[in-house]
Student: 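Quick one: the structure is below, and I'll ask about it shortly.
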Amino acid sequence: MSSGTIDIDEFENADADEFEDRNDTERIVLFLDKNNDRAWKATTIAEHLGLDTDAVSAILSRLKERGLVRHKRPYWAITDDEERLQSAYRLHRHHETADEQYGEERLEDLQTDEMEEVQ
């Protein structure tokens, strides 16, 4: 739900690859990590990233379950466990590389007649 524009200062100060396509979860983690000296409300994160507030809240909740963000209602911050964050990042990159090499897996392609249908 991006507006299609960014502030010129953000453009000028960005790394060369900063605007490559990233999924919303990556964008939220990168935002919180880059701004790790502050805690944020979900609505403010959504505004900064041009995302839907409900989607940001859902993603933050999943990240909390994985121990990648901290939450004290109504604020969110990146984890202070750098090892956990780095481990999650390495795993994510591993999956991305595998998807690039072998293509993304689709559950319906892996399903056999003996398996129960997943809904």
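This is a predicted model, so every value here is computed, not measured.
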Student: Could you pull out all residues at least two apart from H71 that satisfy ring-ring contact (aromatic ring centres under 6.0 Å, His included)?
Tutor: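 ring-ring contact (aromatic ring centres under 6.0 Å, His included) list for H71, sorted by chain: W76.
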
Student: Which pair of heavy atoms, one from A42 and one from V56, lies closest together, and at what distance?
Tutor: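 Heavy atoms only, the tightest pair is O-CG1, 3.7 Å.
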
Student: Check for a donor-acceptor pair, side chain of N35 on one end and backbone N or O of F31 on the other, with a separation under 3.5 Å.
Tutor: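 Flag set: sc N35 to bb F31 pair under 3.5 Å.
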
Student: With heavy-atom distances below 4.5 Å as the criterion, would you say the side chains of T79 and V69 are in contact?
Tutor: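 In short, these two side chains do not touch, never coming nearer than 4.5 Å.
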
Student: Can you name the residues that form a salt bridge (Lys or Arg N to Asp or Glu O under 4.0 Å) with D80, not counting sequence neighbours?
Tutor: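 Salt bridge (Lys or Arg N to Asp or Glu O under 4.0 Å) check on D80 returns R70.
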
Student: Any salt bridge (Lys or Arg N to Asp or Glu O under 4.0 Å) pairs touching residues 35-44, not counting sequence neighbours?
Tutor: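 Output for this query is empty, none listed.
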
Student: State the CH2-CG distance between W40 and L60, to the nearest 0.5 angstrom.
Tutor: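 Between W40 CH2 and L60 CG, I get 12.5 Å after rounding to 0.5 Å.
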
Student: Got L68 and D81 here, is their nearest side-chain heavy-atom distance under 4.5 Å?
Tutor: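 No, every pair of side-chain atoms sits at 4.5 Å or beyond.
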
Student: Rounded to the nearest 0.5 Å, how far does OG of S57 lie from CZ of R62?
Tutor: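 Output value for this atom pair is 11.0 Å.
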
Student: Atom CD1 in I28, atom CG in N23: separation rounded to 0.5 Å?
Tutor: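 Atom-to-atom, I28:CD1 and N23:CG are 9.0 Å apart.
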
Student: Which atom names give the shortest non-hydrogen contact between I59 and T25, and what distance separates them?
Tutor: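 That would be CG2-OG1, 3.6 Å.
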
